[in-house]
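This report concerns only the one structure given below.
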Amino acid sequence: PFVPSKAFNDLGTRRIGISRLKGLHPTLTGDGVTIGVTDTGVDYINPGYSIVQGLPTSTGLNSRIVYYEAKPGPYTEGLPGDNDGHGSHVSGSILGNGALSETVVKAPGSGVGPYATNQFAGAAPGATLVMLEDFNSFTYEEQAKTAYNHGARILNNSWGHNSTNGYDSASMIWDGLVRDADSSAD
C-alpha cells in the first residue's frame, strides 16, 4: 500500500525556525521547562522521552514524563499509551530527544542515512512532559489546571479547527484561562 511521506523533526524544526534558534543559542534546550500536551496519549516507553539515552524508560523510570493522566473517551480507552500515535508524534515534535535517529532507515528530505545522533530531536529535547490523554474527556479548565498544577507553563492542544472565522467560543475560553491565570491555584 501507498504510504505518504511525512517530514521528520529535522525538517519541521528547520521550517518553523527552531534550527536557526538552536544555532544562535545552542544551550537553549528546554531544560527546566515543563510542557503540557493534551492529545491521544504518548508512547511512554519510547526512548525519545528518556532522561539518559540508551537506558530503558517507562513511567517513573528514566522518563521526562512527569505526569500522565488518561481518561476514556472517543479517541482513547483510558489506559496510558497511545493507540493512535498522534499524541506521541506531537509530543516528540515538541520535546523528543531524537534517541532513535540512528535507527531510521529512510527519511525523505533529510538526506541519505545513516542519520546523526539526535538528528530528529524535537524543539525542546530537554523539557519535561505533562500528558493528558483524550482532550474530549477533560474540560478546558481541567486541562489548564491539571497541567499547571504539575508544573506546565506551556500547553499544547491538538483540537483541529472547525470554526469558520478562526476565533470561536473555545478560543475565547482559552484566552480567558490564560488572561485570568491564577498562579496560586492548587
Side-chain angles (χ1 to χ4, degrees), residues 1-70 75-77 79-135 147 150-158:
F2 173 75
V3 177
S5 298
K6 296 180 180 178
F8 280 70
N9 280 342
D10 63 331
L11 301 177
T13 55
R14 189 176 331 146
R15 186 172 192 176
I16 63 172
I18 298 296
S19 296
R20 185 170 184 274
L21 181 65
K22 285 181 178 182
L24 295 171
H25 305 281
T27 60
L28 191 63
T29 64
D31 194 33
V33 175
T34 300
I35 300 169
V37 174
T38 304
D39 210 302
T40 61
V42 68
D43 177 3
Y44 56 85
I45 63 169
N46 186 308
Y49 305 106
S50 65
I51 296 169
V52 179
Q53 291 185 30
L55 296 178
T57 186
S58 186
T59 53
L61 173 69
N62 187 35
S63 178
R64 290 180 299 115
I65 303 169
V66 296
Y67 182 77
Y68 195 124
E69 185 173 343
Y75 299 103
T76 64
E77 71 289 334
L79 301 171
D82 190 358
N83 63 6
D84 178 85
H86 190 267
S88 296
H89 163 74
V90 169
S91 298
S93 294
I94 295 170
L95 58 92
N97 62 24
L100 297 175
S101 296
E102 294 178 46
T103 68
V104 175
V105 176
K106 184 178 180 183
S110 298
V112 178
Y115 299 102
T117 302
N118 304 328
Q119 180 172 341
F120 303 117
T128 55
L129 173 66
V130 170
M131 172 53 73
L132 300 178
E133 184 175 324
D134 196 79
F135 38 85
H150 291 280
R153 299 301 180 264
I154 300 170
L155 187 59
N156 179 84
N157 302 288
S158 296

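Between K22 and L28, the closest side-chain pair of non-hydrogen atoms is not below 4.5 Å. In this structure, the side chains of L55 and L61 stay at 4.5 Å or more apart for every pair of heavy atoms. Here the side chains of L11 and S110 are in contact, with some heavy-atom distance below 4.5 Å. Contact check for V130 versus V37: no side-chain heavy atoms found under the 4.5 Å cut-off. Side-chain contact check for I154 versus V33: some heavy-atom pair is nearer than 4.5 Å. At least one side-chain heavy atom of S91 sits under 4.5 Å from a side-chain heavy atom of M131. Side-chain contact between P80 and Y44 is present, with at least one heavy-atom pair separated by less than 4.5 Å.
Considering every non-hydrogen atom in both N46 and G48, the closest pair reads OD1-N, 2.6 Å. The two residues G36 and A152 come nearest to each other via the heavy atoms N-CB, 3.5 Å.
Formation of a donor-acceptor pair under 3.5 Å by the D39 side chain with backbone atoms of G41 is not found in this model. A donor-acceptor contact shorter than 3.5 Å links the side chain of N62 to the backbone of I51. Not one N or O on the side chain of S63 forms a donor-acceptor pair closer than 3.5 Å with the backbone of G60. A donor-acceptor pair is defined here as one N or O able to donate and one able to accept, closer than 3.5 Å; no such pair exists between the side chain of D10 and the backbone of A121. For D134 (side chain) and T40 (main-chain N/O), no donor-acceptor pair under 3.5 Å exists by modelled atom type.
Annotation: ring pair (Phe, Tyr, Trp, His ring centres under 6.0 Å) contacts of Y49 (sequence neighbours excluded): none. Shown here are the ring pair (Phe, Tyr, Trp, His ring centres under 6.0 Å) partners of Y67, two or more places apart in sequence or in another chain: H150.
Counting only N and O atoms by type, the side chains of T38 and N156 include no donor and acceptor under 3.5 Å apart. A side-chain donor from one of E133 and Y68 sits under 3.5 Å from a side-chain acceptor of the other. For the residue pair N118 and S101, no side-chain donor N or O sits within less than 3.5 Å of a side-chain acceptor on the partner.
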From CA spacing to verdict: side chain to side chain contact (heavy atoms under 4.5 Å, CB included), N83, E77: CA-CA 9 Å; N83 63 6; E77 71 289 334; 2.6 Å; yes
Full working for side chain to side chain contact (heavy atoms under 4.5 Å, CB included) between R64 and L129: CA-CA 6 Å; R64 290 180 299 115; L129 173 66; 5.9 Å; no
So N97 and Q53, side chain to side chain contact (heavy atoms under 4.5 Å, CB included) or not? Walk me through it. CA-CA 8 Å; N97 62 24; Q53 291 185 30; 3.5 Å; yes
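Taken to the nearest 0.5 Å, the OG atom of S93 stands 8.5 Å off from the CD1 atom of I16. Here the OG1-CG distance, from T13 to L21, works out to 10.5 Å after rounding to the nearest 0.5 Å.
When each of L95, T57, V42 is paired with I65, the side-chain contact (heavy atoms from CB on, under 4.5 Å) condition holds for V42 and for no other.
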